[in-house]
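Every value quoted in this text rests on a predicted model; they were computed, and no experiment measured them.
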Amino acid sequence: MANSCVIKVTPTKLKEMATHYKPQLKVKTPPYSLFSAKVGALTVTGYNSGKVMFQGAGAEEEAAKWGNALEAKKTSSSTTSSTLPKDFATWSAAGSDEVGNGSYFGPVVVCATYVEASQMPLLKELGVKDSKELTDIQIREIAKDIKLVLPYKELVVTPEKYNQIQPEYNAVRMKVALHNQAIALLLEDIAPTVPQGILIDQFTPEGNYRKHLSREKVQVKDNLYFATKGEHHHLSVAAASIICRASFLDELDKASKELGMTIPSGAGTKSDSVAAKILKRGGMELLGKYTKLHFANTEKAKKKV
């Protein structure tokens with residue numbers, strides 16, 4: 001069965017996508033859609049609701065250029081339940097999350113942490129919760145505290161490294177490899193302690209995660225749980241998310257200082273304009289040190305030069 005992926009975008013982003021795919025537009029479009037395009041073996045359809053469906057080979061990789069995939073409906077049963085036990089939030093568990101995959105500038109950061117049940121009151125006191133509810137200043141301060149009290153493993157893939165491995169590792173396979181590696185290193189660090197469960201902030205259906213996982217040399221396969229918005233289900237994921245976000249912000253600040261201009265997060269029109277300035281200064285070689293080159297922003301930036 002062909003791969004498929006769905007993302008949700010803003011009206012502005014939807015129009016931007018319609019313009020981007022204009023050269024490949026199909027003659028007929030489905031009901032309630034703004035556009036439908038054929039990109040090689042891949043079909044991209046943007047609906048007026050803001051949902052965009054990618055169907056065919058390379059669906060996940062193409063979708064990752066524009067935003068994060070929505071949770072897919074399960075089509076088959078699995079040996080490891082993605083439905084969390086009712087008391088999961090109270091378990092001594094490990095959790096992992098990532099930041100930066102949908103941003104044109106900056107690295108992809110993945111982190112795994114382990115939280116003992118006895119540490120939860122302290123983490124709540126420190127302010128650990130969904131990073132989206134925190135300011136950048138709070139995130140950086142809380143991240144410092146978390147690192148002092150929790151075992152954690154963090155992996156930072158710079159844009160330069162990302163561009164080297166991206167042709168072989170599409171966006172989803174790369175995240176699977178990074179989550180798995182971070183979790184494996186964390187388990188090695190805390191051994192002989194074994195978490196009651198390992199919660200991965202879900203970015204792809206479990207079956208797809210395990211398919212990509214089978215290609216890794218070291219595989220953490222047991223006791224895995226998957227949930228979207230994992231930070232709401234266990235503090236280990238919330239803590240991992242905060243550490244990731246703090247590192248991502250630090251890397252953007254570092255890039256801003258090196259380039260002498262403010263480097264934005266995300267993949268909007270600001271990113272196109274900044275990328276165009278970098279292209280004028282140092283061409284693709286310089287741009288490749290700070291951006292994920294396969295994003296649609298690269299072509300848009302070229303048109304601005």
Q. Looking just at side-chain N and O atoms, do Y104 and S265 make a donor-acceptor pair shorter than 3.5 Å?
A. no

Q) F248 ring centre to R245 NZ or CZ under 6.0 Å, with the angle to the axis within 45°? A) no

Q) Taking atom types as modelled, is there a side-chain donor on N223 or Q196 under 3.5 Å from an acceptor on the other? A) no

Q. With under 30° as parallel and over 60° as perpendicular, where do the rings of F88 and H234 fit, or are they tilted in between?
A. perpendicular

Q: Return yes when atom CG of D87 has more than 12 non-hydrogen atoms of other residues, nucleotides or ligands closer than 6.0 Å, and no otherwise.
A: yes

Q. Does a donor on one side chain and an acceptor on the other come within less than 3.5 Å for Y209 and Q202?
A. no

Q | Test item: P195 and I190 side chains (from C-beta on) under 4.5 Å apart, heavy atoms | A | yes

Q | Any donor-acceptor N or O pair under 3.5 Å, side chains E231, S241 | A | no

Q) How about K211 and N208: does a side-chain donor come under 3.5 Å of a side-chain acceptor? A) yes

Q. What's the spacing between S131 OG and I139 CD1 if we round to 0.5 Å?
A. 5.0 Å

**Q.** Residues in side chain to side chain contact (heavy atoms under 4.5 Å, CB included) contact with K26, at least two apart in sequence or another chain
**A.** S36, K38, T43

Q: For residues L155 and V109, determine if any side-chain heavy atom of one lies less than 4.5 Å from a side-chain heavy atom of the other.
A: no

Q. Does a donor on one side chain and an acceptor on the other come within less than 3.5 Å for E216 and Q181?
A. no

(Q) Please determine whether a side-chain nitrogen of the Lys or Arg among R210 and E206 lies less than 4.0 Å from a carboxylate oxygen of the Asp or Glu. (A) yes

Q. Salt bridge or not for R140 and D253, using N-O below 4.0 Å?
A. yes

Q: Flag this pair as yes if the NZ/CZ of K292 is under 6.0 angstrom from the six-membered ring centre of Y162 and inside a 45 degree cone about the axis; otherwise no.
A: yes

Q. Should K300 and E16 count as an ion pair when the cut-off is N to O under 4.0 Å?
A. yes

Q. Is there a side-chain contact between Y114 and T193, using heavy atoms and a 4.5 Å cut-off?
A. yes

